[in-house]
Amino acid sequence: MKTVALGPNKIPVPAIIQGLMRIEKMSETEVKALLDNCLENGTNFLDTANCYGDYEGQCEEILGNTFKANPGLRDKFILQSKGGITFYEDGRPYHNYSKEHLMKTLDASLQRLQTDHLDYFLLHRHDALFRPEEVADAFATMKKQGKVLHFGISNEVPMVIELIQKYSDIPIEVNQMQFSIVHADMCVQPIATNNHEFYAADRDCSILPYCRLKDITIQAWSPFQHGFIEGVFLDNPDYKEVNEAMQKVADKYGVSKTTIAVAWILRHPADMQVVCGTTNASRFADCCKASDIELTYEDWYNIYLAAGYPIM
């Protein structure tokens with residue numbers, strides 16, 4: 001398994017992360033098999049969140065029960081969770097980055113996960129009312145108490161990170177962003193700069209070069225989804241050209257298009273991790289095979305062009 005030098009301290013971690021958003025219907029035995037499959041394929045990095053499941057905390061609870069039923073299993077993994085998304089009684093979501101709420105969220109996550117600490121804790125979705133001083137204070141308290149070792153954010157832009165770091169000397173090490181062949185705005189916008197035939201909206205404020213500049217590791221989520229989470233683009237007739245281009249590259253390397261979709265992300269020199277949320281053992285193994293492949297310039301740009309993005 002290829003490793004990624006994560007954050008400013010260049011901590012070596014697996015390039016592939018097992019996402020656990022879809023385990024709400026799985027038994028503890030099935031989750032144990034899922035985790036065993038991770039280890040067999042060379043990764044020990046798990047990603048979850050307080051909001052995953054049919055109700056708040058469900059996926060964390062299932063994972064925690066799996067840890068409890070298998071003593072020593074937790075210690076084999078780098079465990080990451082997220083907080084900041086919460087819900088009204090009627091199920092509507094809202095975001096809350098207050099210190100009180102973040103501390104409460106963390107403690108609830110630790111209890112459900114049946115562990116005394118998280119390796120990484122991420123702020124999940126931007127809170128319009130957040131106070132950076134409170135976030136900084138929450139991070140400092142979590143770290144002092146030994147409940148969190150490293151910190152990050154998710155779906156955030158550079159100036160929000162700068163604002164938090166103004167008040168905190170604890171580094172932001174991770175930014176989890178949606179990124180895939182068909183959701184490649186982070187790459188498209190710089191390429192389309194000053195192109196009068198095509199202007200790409202700058203929706204992320206140059207987050208990709210910013211994270212590279214600041215040694216913040218991007219974790220790419222939904223590597224197979226089109227839109228937000230409307231479905232996969234692999235073998236989707238609405239994405240015929242890009243599937244044909246991917247198949248040609250897959251045939252070249254003797255792997256599946258799943259592997260190529262992940263390898264396309266890993267080829268970027270930003271040294272990203274990829275969050276693969278599949279619970280299918282063979283498909284996850286195909287994801288992990290991507291760490292053994294380095295696409296050529298020609299491979300990468302052929303897929304980019306087939307996805308409909310402009311060059312000049």
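All values derive from a computational prediction rather than experimental measurement.
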* To do: Give me the one residue out of Val232, Thr278, Ile181, Asn236 that meets side-chain contact (heavy atoms from CB on, under 4.5 Å) with Phe224.
  => Val232
* Counting N and O atoms only, with roles assigned by atom type, does the side chain of Asp137 sit under 3.5 Å from a partner on the main chain of Glu133, one being a donor and the other an acceptor? -> no
* So, the side chain of Tyr97 versus the backbone of Arg125: is there a donor-acceptor pair under 3.5 Å, distance only? -> yes
* Asked: What residue pairs, at least two apart or across chains, pass salt bridge (charged side-chain N to carboxylate O under 4.0 Å, His left out) with a residue in residues 140-159?
  -> Asp107-Lys147
* Under 3.5 Å side-chain donor-acceptor pair for Ser98 and Asn96 -> yes
* Considering all heavy atoms, the nearest Phe139-Gly152 contact -> CZ-O, 4.3 Å
* Salt-bridged, Arg212 to Asp271, with N to O below 4.0 Å? -> no
* Asked: Is it true that Glu100 and Lys104 have a side-chain N and a carboxylate O under 4.0 angstrom from each other?
  -> no
* Main-chain N/O of His183 paired with Ser180 side-chain donor or acceptor, under 3.5 Å -> yes
* To do: Please answer: with hydrophobic residues joined when any side-chain heavy atoms are less than 4.5 Å apart, are Met103 and Leu113 in the same cluster?
  => yes
* Structure fact -> Minimal heavy-atom distance between Asp204 and Met186, with the atoms involved, is OD2-CG, 3.3 Å
* Output, in order, the C-alpha distance, side-chain angles, deciding distance and verdict of side-chain contact (heavy atoms from CB on, under 4.5 Å) for Ile161 and Ile207. => CA-CA 10 Å; Ile161 301 172; Ile207 190 63; 4.1 Å; yes
* Asked: With a 4.0 Å cut-off, would you call Glu28 and Lys68 a salt bridge?
  -> no
* Please check if the side chain of His95 supplies one atom and the backbone of Gly84 the other of a donor-acceptor pair under 3.5 Å. => no
* Could you tell me whether Gln111 atom CD has more than 12 heavy atoms of other residues or ligands within 6.0 Å of it? => no
* In this structure, which one of Val274, Leu122, Val4 forms a side-chain contact (heavy atoms from CB on, under 4.5 Å) with Gln219? -> Leu122
* Asked: Sub-3.5 Å donor-acceptor pair from the side chain of Asp286 to the main-chain atoms of Ser256, do we have one?
  -> no
* Asked: Does one side chain, of Tyr210 or Asn175, offer a donor that lies under 3.5 Å from an acceptor on the other?
  -> no
* Asp251/Gln247 under side chain to side chain donor-acceptor pair (under 3.5 Å): CA gap, chis, key distance, verdict -> CA-CA 6 Å; Asp251 291 343; Gln247 187 63 60; 2.9 Å; yes
* Does the side chain of Thr105 pick up a donor-acceptor pair with the side chain of Asn50 at under 3.5 Å? -> no
* To do: Report yes if the side chains of Cys38 and Phe77 come closer than 4.5 Å at any heavy-atom pair, otherwise no.
  => yes
* To do: Answer with yes or no whether the side chains of Asp119 and Gln80 bring together a donor and an acceptor at under 3.5 Å.
  => no
* Quick one: side chain to side chain donor-acceptor pair (under 3.5 Å) partners of Glu89, sequence neighbours excluded? -> none
* Atom CZ of Arg283 with >12 non-hydrogen neighbours under 6.0 angstrom -> no
* Structure fact -> Quick note, salt bridge (charged side-chain N to carboxylate O under 4.0 Å, His left out) partners involving residues 41-63, not counting sequence neighbours, are Lys25-Asp54, Asp47-Lys82, Glu60-Arg112
* Return yes if some donor-acceptor pair links the side-chain N/O of Ser154 with the main-chain N/O of Gln176 below 3.5 Å, else return no. => yes
